[in-house]
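Structure record follows, encoded as structure tokens.
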Number of protein chains: 2
Amino acid sequence: MTTGTAEAGARGAADTRTRLLDTALRLFTEHGVEGTSLQMIADALGVTKAAVYYHFKAKDEITEAVTEPALRELDAIVTEASKQRRRGAQIDHLLAGFIDLVVRHRALVALFSSDPGVARAVEKSIHGSEDFKQGLLGLLCGDNPDTAAMVTAHVALAGLAMAGGSPAMAALDDETLREALLEVGRRLLGRPRHRTA
Amino acid sequence: MTTGTAEAGARGAADTRTRLLDTALRLFTEHGVEGTSLQMIADALGVTKAAVYYHFKAKDEITEAVTEPALRELDAIVTEASKQRRRGAQIDHLLAGFIDLVVRHRALVALFSSDPGVARAVEKSIHGSEDFKQGLLGLLCGDNPDTAAMVTAHVALAGLAMAGGSPAMAALDDETLREALLEVGRRLLGRPRHRTA
DNA sequence: GTCTATACCGCGATAGAC
DNA sequence: GTCTATCGCGGTATAGAC
């Protein structure tokens, strides 16, 4: 993409796209997706609305692009966790990975949990790999998804994500939050509590 | 049904308002708040947008009005729970009341947890009684709100609410869901599990 | 007191000039 | 690649019919 004469081309194209996504994420976390207009993004970049539309055909595409990296990470975590042989190890792997993801992408997660635009984008992004949406729950529930296990899994995933993204936790550093969430998650899923990494 | 002048006057006001809120809640749960326009609400009622605007000065007021009954119930639950003398009883009371509320108002709760418009409305509605927003957490955390307790409380409230409102639980009847959530909540908050009411 | 007609402005989105 | 111009729809607002 950046070959030869394309210094300007590389900057105008890919770099503007990157700047746009950075700006969008910042504005999204400040005002929500709904509360962020394309005009605001364009102004922050010093271009017009139509220029933004050159890079993304619709606002939804921006939302999707913003959430994509985190979703790919989540997909990788689920895949890797499912490779573990013992069920306990699967859950441990998934729990640690999920929580780590939530902590590192706190701002995004907060958005994720409170914005239907983001939820829509997420659902679209995982159109191909629906395995992993159900896989997440499947790994936690085991082979026999009885009511109690299903409810527990839902409470765990939703609760850990929302608590991690909550403004009330913003003051906590990553280490502290991660350990606190891990302990709660372990208790919830019936895993023995152990090493404080 | 006849549009006689007297009957229209008697029926038009309060009843239209009620019908409007019922319709709004239905459309909100179907399409989300953002995805429901005043035009859609007006069409469903057989009136014009301006007629809707007569009953509510802004869309946010509709959202607030829709969430208000559940919030009042929650407020009552917190108040009553705080009157319990033993801390264990406070938690038990709060947990049971909260979960019962979530189960009975599932559709609203699902909306509540995934729509910034609703979240905004909720924050506005409790302007006067901010006691109870913090009171909810305060009752769960006790006097010493250390990190672990705070995180646990957040995971519990958010997780139980979102799990209860999740489409995945829609097939469960109230009794079953309530008991499943109660058991998870008790384990999470370190309460002994007991009677299946 | 309840509703209709109408207008305003900002939003997401499209078409076409440079 | 970026711009200007324009469109339709959304929430909001007012004047006035009944």
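A, B, ... follow the sequence lines: proteins, then strands. Residue 1 opens every chain. As a basis for the values below, the full set of heavy atoms in this structure was taken, side chains included, without hydrogen atoms, waters or symmetry mates.
- A salt bridge links A/Asp92 to A/Arg191: one of the charged nitrogens lies within less than 4.0 Å of a carboxylate oxygen.
- Between A/Arg120 and A/Glu64, no side-chain nitrogen of the basic residue sits less than 4.0 Å from a carboxylate oxygen of the acidic one, so the salt-bridge criterion is not met.
- Atom NZ of B/Lys59 and atom P of D/dG10 are 9 Å apart (whole Å).
- For DNA chain C, the residues of residues 33-47 of chain A within the heavy-atom distance limit of 4.0 Å (strictly under) are A/Thr36, A/Ser37, A/Leu38, sorted by number.
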Pairwise N/O distances under 3.5 Å, protein to nucleotides 13-18 of chain D:
| unit_1 | atom_1 | unit_2 | atom_2 | d |
| --- | --- | --- | --- | --- |
| D/dA13 | OP2 | B/Tyr53 | OH | 2.3 |

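- In this structure, NE2 of A/His55 is placed 16 Å from P of C/dA13, rounded to the nearest angstrom.
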May I have the list of side-chain donor-acceptor pairs in residues 148-161 of chain A shorter than 3.5 Å, sequence neighbours left out?
| unit_1 | atom_1 | unit_2 | atom_2 | d |
| --- | --- | --- | --- | --- |
| A/Thr152 | OG1 | A/Ala148 | O | 2.8 |
| A/His154 | ND1 | A/Met150 | O | 3.1 |

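- Among residue pairs with one or both ends in residues 33-49 of chain B, those qualifying as side chain to side chain donor-acceptor pair (under 3.5 Å) are B/Gln39-B/Asp43; sequence neighbours excluded.
- In this structure, the helix from C/dG1-D/dC18 to C/dC18-D/dG1 shows an angle of 10° between the axis at its start and the axis at its end, each fitted on 5 base pairs and rounded to 10°.
- Summarising the geometry of B/Arg26 relative to B/Ala44, their closest heavy-atom pair is NH2-CB, 4.3 Å, with the distance given to 0.1 Å.
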*B/Asp100 and B/Arg178: CA distance, side-chain angles, deciding distance, salt bridge (charged side-chain N to carboxylate O under 4.0 Å, His left out) verdict*: CA-CA 6 Å; B/Asp100 181 61; B/Arg178 184 162 25 221; 2.3 Å; yes
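- Nearest heavy atoms, A/Val78 versus A/Leu139: O-CD1, 3.9 Å.
- Note: CZ (A/Arg17) to C1' (D/dT2) measures 17 Å, nearest angstrom.
- Every residue was checked against the salt bridge (Lys or Arg N to Asp or Glu O under 4.0 Å) condition with A/Asp22, not counting sequence neighbours, and none meets it.
- The main-chain N or O of B/Met162 is never found under 3.5 Å from a side-chain atom of B/Ser166 such that the two would form a donor-acceptor pair.
- For A/Ala51, counting side-chain heavy atoms from C-beta on, the closest listed nucleotide (D/dT12, C/dG1, D/dC3) is D/dC3.
- Considering only side-chain N and O atoms, B/Thr16 lies under 4.0 angstrom from the phosphate OP1 or OP2 of C/dC3.
- More than 12 heavy atoms of other shown residues, nucleotides or ligands fall within 6.0 angstrom of atom CZ in A/Arg87.
- No path of Ile, Leu, Val, Met, Phe, Trp and Tyr side chains, each step under 4.5 Å between heavy atoms, connects B/Leu45 with B/Tyr53, placing them in separate hydrophobic clusters.
- Between the OH atom of A/Tyr54 and the C1' atom of D/dC3 there is a distance of 14 Å, rounded to whole Å.
- Considering only side-chain N and O atoms, A/Thr48 lies nowhere under 4.0 angstrom from the phosphate OP1 or OP2 of D/dT2.
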